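All values derive from a computational prediction rather than experimental measurement. Here is the naming used below: chain letters follow the sequence lines, and residue numbers restart at 1 for every chain.
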There are 2 protein chains.
Amino acid sequence: MSDLLARLRDRGWRLTAQRRVVAEVLDGEHVHLTADDVLERATARLPEISRATVYNTLGELVLLGEVIEVATDGRAKRYDPNAHRPHHHLVCSRCGTIRDVRPAGDPLADLPAGERFGFTLSGVEMTYRGVCPDCAGG
Amino acid sequence: MSDLLARLRDRGWRLTAQRRVVAEVLDGEHVHLTADDVLERATARLPEISRATVYNTLGELVLLGEVIEVATDGRAKRYDPNAHRPHHHLVCSRCGTIRDVRPAGDPLADLPAGERFGFTLSGVEMTYRGVCPDCAGG
DNA sequence: ATACTACGATGGACGAAGTCCAAGTCAATA
DNA sequence: TATTGACTTGGACTTCGTCCATCGTAGTAT
C-alpha cells in the first residue's frame, strides 16, 4: 500500500487526501469494486469527496497501470487492484462476483498466425463464466 | 437468413415487419453492430421503427441464442450474428473494430480444478487485443 | 373475407453510469 | 508563508438502456 503511494509520488502525483483515500479503498479489500462502491467506501472515510474525483482518480490509476479496468458485462466497470500479477477472471452469472484465476497454458500462443489478420497482438483477456457455490444453493 | 426467420417462426415468434427488419440488418453485414447502429439501419428500411423495439428484438434474439452480446469495452454492447459458430474476438485497440477468431486448444479445460472455486463453469470468452494493419499504418 | 384477441410496437419518461466544466481550494515549492 | 498551478467540487449534461400505458396488428377462427 505505502508502496503504491510511494510509486504515485515518484510519478509526480500530488498526494491529496482524496487520492489517498481512493488508493486505500482499492488496496483495502482485494475485491473488484465498481466506481460507486469505491465512492461509497471513500465517503465513509472522507465525507466531502465527490463522484468526479473518484472517477478521475480511478482513471489516472488505470493509465498508470496500477489498477485494471474490468468490463465483464454491460453494467458498471469494476476496478481490479491486482494489476501487477497477470491473471484472468471468473464471473458468477447470477450475482456478478469476480474471482481472479490463472489458467494453464499461453492463450496468446493459441491464436494461429492465420487467425491474426495482420494484427500486432498486445494481450488477451479471458472471462470464464459460471455459477458460484453460493448462487448454486450449495 | 430465411433460415433465421424460419427458426424464429418455429419458435412461435410473431413475424412482424419490425422483427424482420432487425433480423435482416443483423444478417446483412457480418459485422458487430451496436444497438444504435441497428436502429439506424433499421430506420432506413422502416422509418417508424422505435428504439424500444430494436432493444426488445435484440434481447429476444440473444435469449434465443441466435445472436451474441459482446461487451468489449465499457461502451455500448455490440451484437454478433455469428452465434452458431463458436468463436472469440480480436479487437483493435485503436479503432475498435472486431474480428472473429478461433484459437486452438480448449480454454475451458485450461482452468485447473484448484482455480475454479467451486463454480460450475458454463463458458469462457476470450478477447484478444492488438492493433490492426490499417491502424498500424501498414 | 372479416372479426377477434393476445402479442407486439410505440414513444416518452425514467434510470444508471459516466463525462464535462467553471469556480473554488490546497499541496508542494521557494 | 506566500504563491501557483494542479486538484476538487457539484451540478449539468451525455450515453446507453429500461419501463410502461396505450395503440396496432399477425395469426387464428369463423
Taking C:dG18, D:dG10, C:dT10 as options, the one with an atom nearest any side-chain atom of A:Lys77 is C:dG18
Salt-bridge contact B:Glu69-B:Arg78 (side-chain N to carboxylate O under 4.0 Å) = no
Would you mind reading off the distance between A:Asp37 atom CG and C:dA17 atom C1', rounded to a whole angstrom?
-> 13 Å
Base C:dA28 paired with A:Arg14 side chain (donor-acceptor, <3.5 Å) = no
B:Ala76 has a side chain; which of C:dT10, D:dC16, C:dC20 sits nearest to it?
-> D:dC16
side-chain N/O A:Thr16 vs D:dC7 OP1/OP2, d < 4.0 Å = no
Is the closest basic N to carboxylate O distance between A:Glu66 and A:Arg11 below 4.0 Å?
-> yes
Please report, rounded to the nearest Å, how far the P atom of C:dG24 is from the CD atom of A:Gln18.
-> 18 Å
Within this structure, what is the CD-to-C1' distance between B:Glu48 and D:dC23, rounded to whole angstrom?
-> 14 Å
Would you mind reading off the distance between A:Ile49 atom CD1 and C:dG24 atom P, rounded to a whole angstrom?
-> 21 Å
Identify, between A:Arg78 and B:Thr57, the residue whose nearest nucleotide on DNA chain C lies closer to the 5' end.
-> B:Thr57
Consider only side-chain N and O atoms of A:Asp100 and A:His32, and report whether a donor and an acceptor are under 3.5 Å apart.
-> yes
Whole-Å gap separating P (C:dT19) and CG (A:Leu63) = 11 Å
Sidechain N-carboxylate O distance under 4.0 Å for A:Arg41, A:Glu24 | no
Choose from C:dG18, D:dC16, C:dG11 the nucleotide whose nearest atom is closest to any side-chain atom of B:Tyr55.
-> D:dC16
Starting at CZ of B:Arg19 and ending at P of D:dT25, how long is that distance when rounded to a whole Å?
-> 15 Å
Write down the distance between CG (A:Leu15) and C1' (C:dA28), rounded to a whole number of angstrom.
-> 11 Å
Integer-rounded Å distance: D:dG27 P and B:Arg9 CZ | 8 Å
Considering just the side-chain nitrogens and oxygens of A:Thr53, establish if one lies under 4.0 Å of OP1 or OP2 belonging to D:dT9.
-> yes
Salt-bridged, A:Arg129 to B:Glu125, with N to O below 4.0 Å?
-> yes
Under 4.0 Å: is that the gap between some side-chain N or O of A:Arg75 and OP1 or OP2 of C:dA17?
-> yes
